[in-house]
Amino acid sequence: MKLVFPLLAIFAARFFVTAIAFPPLDGDLGWQRWLGESIMRTGKLPDALGAESFAAVGSPWVPQEWLFGVGAWVGRSGLGWDFFAGGIALCGVAALWFVAVRCLRREAGPLATAICTGLAGMALFESFGVRVQVAAWPFFALFLLLMDSEGLILWWSVPLVALWSNVHGSVMLAPVLASAYAVGSWIDARAWTPIVRRRFFVAGALLAATAANPLGVRLPLYALSLFTNPIRVYISEWRRTDIAEPSFLFGSFILILIILTLWGWTARRRWCEALPAAAMVAAALMAARNEAICGIALAPLAAPMLSRVLERFTTAFSPSASRKTRPFDSIMLLVGVVMGALVAFALIRSPERTKEIHMPIVEIVAAAALPGEHRLFCADFAWCSLALDRPNLRVFLDGRADPYPIAIWKALGELHWLMPGWRADLDRYTFDEIIVEKDSPLDQALARLPDWRKVTSDGRFRLWRRAKTVRIGPDEN
């Protein structure tokens with residue numbers, strides 16, 4: 001691990017500083033804290049949207065982020081935030097640690113391990129933040145480490161998946177990948193061996209373990225429904241991966257190229273490795289949010305290939321030279337500490353750390369300060385997540401996303417891009433207040449409507465208020 005220490009130090013500095021000291025990049029923490037507060041107050045998980053959203057009251061909801069939400073509410077400020085955000089950063093570091101351990105256990109050399117762990121770390125950058133999916137990364141990485149075994153240790157993946165199911169819906173990857181391992185082992189063995197049987201039995205147990213949470217079978221059913229949910233086209237994280245995106249181009253994509261290039265040159269080629277890897281590549285290409293887990297999965301597959309093809313990766317730091325390299329180990333550890341400190345110092349001095357430019361916080365506060373109860377529309381639905389704890393604001397659509405009907409999403413797109421029917425949507429839902437980005441199409445259109453008035457405007461966002469609202473009957477909503 002001598003060459004991995006400097007890398008882990010750099011990634012740890014980046015993760016901890018950005019998680020604790022930088023403003024969030026999206027509004028998810030707003031609704032997740034609101035969810036956590038609701039759970040702590042009522043002692044139960046909600047199963048439907050409430051009056052906080054005037055457009056979709058009663059729509060079924062599966063709050064898979066319930067545990068994260070409780071933590072986000074408890075650690076919402078002060079020292080609590082430092083511990084909570086630091087814990088999420090630690091999840092990112094732990095995932096990379098498990099990647100490195102898995103590389104070494106698969107007989108990769110130290111240099112190959114460092115290179116591939118670094119590439120996996122690059123793949124994490126785009127998705128990293130104080131976000132629930134980051135909390136699931138170490139579960140995923142440790143699960144894959146267990147899947148590399150063929151003995152009874154495989155059964156330890158069952159309690160791991162049971163815990164994972166209380167953190168994030170990505171737990172559904174476990175039975176899918178375990179099944180791919182099982183089928184691949186069957187093809188490799190060409191017989192129903194004890195190892196093959198064990199893998200199939202474990203895959204079945206893992207499917208049952210995904211329901212070991214307060215949501216029960218609703219969680220796996222919800223996760224499966226996402227594959228056909230039409231709202232995916234409206235959510236940026238579910239967009240198809242752009243190969244030019246730095247996190248993918250300098251992370252998962254390079255790992256894919258290494259595997260494709262060196263696969264035929266290595267003596268050890270097995271279907272039980274190929275099928276899970278192919279599944280992760282397909283997942284990464286289908287949705288940008290899967291880039292990170294693709295890097296975590298592929299790095300330990302690419303590392304031993306580099307080691308076997310390029311012998312200098314393994315001979316330069318061979319086990320027989322361990323005593324001779326002890327001074328080198330200490331030097332590399334010191335280098336890691338110094339590099340991590342330099343990265344942390346540079347990030348803390350970054351001007352972006354003190355600029356809350358990503359979210360319209362000023363406009364949310366101004367909207368809540370206006371007298372009376374208001375129906376709020378946000379041109380970016382994630383912004384309205386910050387309004388859920390405002391008792392006089394009712395949102396049209398917020399970052400919970402999944403439970404909202406497709407008609408609401410279509411109306412969002414029509415209003416955001418001024419598509420045909422946008423004026424009808426404006427009147428049908430009788431919004432009182434609208435938050436937009438300055439000079440966006442909707443912002444310019446509202447400026448031309450006589451019944452809308454500008455309330456406040458900062459450097460990036462603007463709040464509009466309808467001068468007079470005429471309510472329509474509930475059946476027309």
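Sequential numbering from 1 along the given sequence is applied to the chain's residues.
Between atom CG of residue Leu412 and atom CG of residue Leu415 there is a gap of 7.5 Å, rounded to the nearest 0.5 Å. Interatomic distance, CD of Gln64 versus OG of Ser165, reported as 11.0 Å (0.5 Å rounding). A distance of 14.0 Å separates CZ of Arg453 from CG of Leu463, quoted to the nearest 0.5 Å.
Counting heavy atoms from C-beta outward, Leu124 and Phe15 have side chains that approach closer than 4.5 Å.
By the 6.0 Å contact criterion, NZ on Lys454 is open, its count of non-hydrogen atoms from other residues, nucleotides or ligands being 12 or less.
Taking the charged nitrogens against the carboxylate oxygens, Glu273 and Arg106 do have a contact shorter than 4.0 Å, which makes a salt bridge. Ion pair Arg462/Asp443 flagged as a salt bridge, since at least one NZ, NE, NH1 or NH2 atom sits closer than 4.0 Å to an Asp/Glu carboxylate oxygen. For Arg394 and Glu373, the salt-bridge test passes: some basic side-chain N is under 4.0 Å from an acidic carboxylate O. Salt bridge Glu414/Lys410: absent, no basic N to carboxylate O contact under 4.0 Å. A salt bridge links Arg460 with Glu437: at least one charged nitrogen is closer than 4.0 Å to a carboxylate oxygen.
Qualifying ring pair (Phe, Tyr, Trp, His ring centres under 6.0 Å) partners for Trp409, counting only residues two or more places apart in sequence or in other chains: Tyr234, Phe381. By the ring pair (Phe, Tyr, Trp, His ring centres under 6.0 Å) test, Phe143 pairs with no residue at all, sequence neighbours left out. Every residue was checked against the ring pair (Phe, Tyr, Trp, His ring centres under 6.0 Å) condition with Trp31, not counting sequence neighbours, and none meets it. Scanning for side chain to side chain contact (heavy atoms under 4.5 Å, CB included) contacts around Leu386 gives Met359, Ile361, Ile364, with sequence neighbours left out. Residues that satisfy the side-chain hydrogen bond (donor to acceptor under 3.5 Å, both in side chains) test with Trp66, not counting sequence neighbours, are absent from this structure. Residues that satisfy the side chain to side chain contact (heavy atoms under 4.5 Å, CB included) test with Trp156, not counting sequence neighbours, are Leu146, Ile153, Pro159.
Using modelled atom types, one finds no donor on one side chain facing an acceptor on the other under 3.5 Å when comparing Trp164 with Thr210.
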May I have the step-by-step check of disulfide (SG to SG under 2.5 Å) for Cys103 and Cys116, ending in yes or no? CA-CA 8 Å; Cys103 289; Cys116 292; 5.7 Å; no
For side-chain contact (heavy atoms from CB on, under 4.5 Å), just list the numbers for Ile296 and Trp137, CA-CA rounded to whole Å, side-chain angles, deciding distance to a tenth of an Å, and then say yes or no. CA-CA 8 Å; Ile296 291 172; Trp137 288 349; 4.1 Å; yes
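Here Phe84 and Phe68 bring their ring centres to under 6.0 angstrom of each other. When ring centroids are compared, Phe125 and Phe11 come within the 6.0 Å threshold. Between Phe396 and Phe431, the gap from one ring centroid to the other is short of 6.0 Å.
In terms of modelled atom types and a separation under 3.5 Å, the side chain of Trp73 and the main chain of Trp34 share no donor-acceptor contact. The backbone N or O of Ala114 lies less than 3.5 Å from no partner atom in the side chain of Thr117, so there is not a single donor-acceptor pair.
Taking the centre and axis of the six-membered ring of Trp452, the NZ or CZ atom of Arg465 falls outside the cone set by 45° and 6.0 Å.
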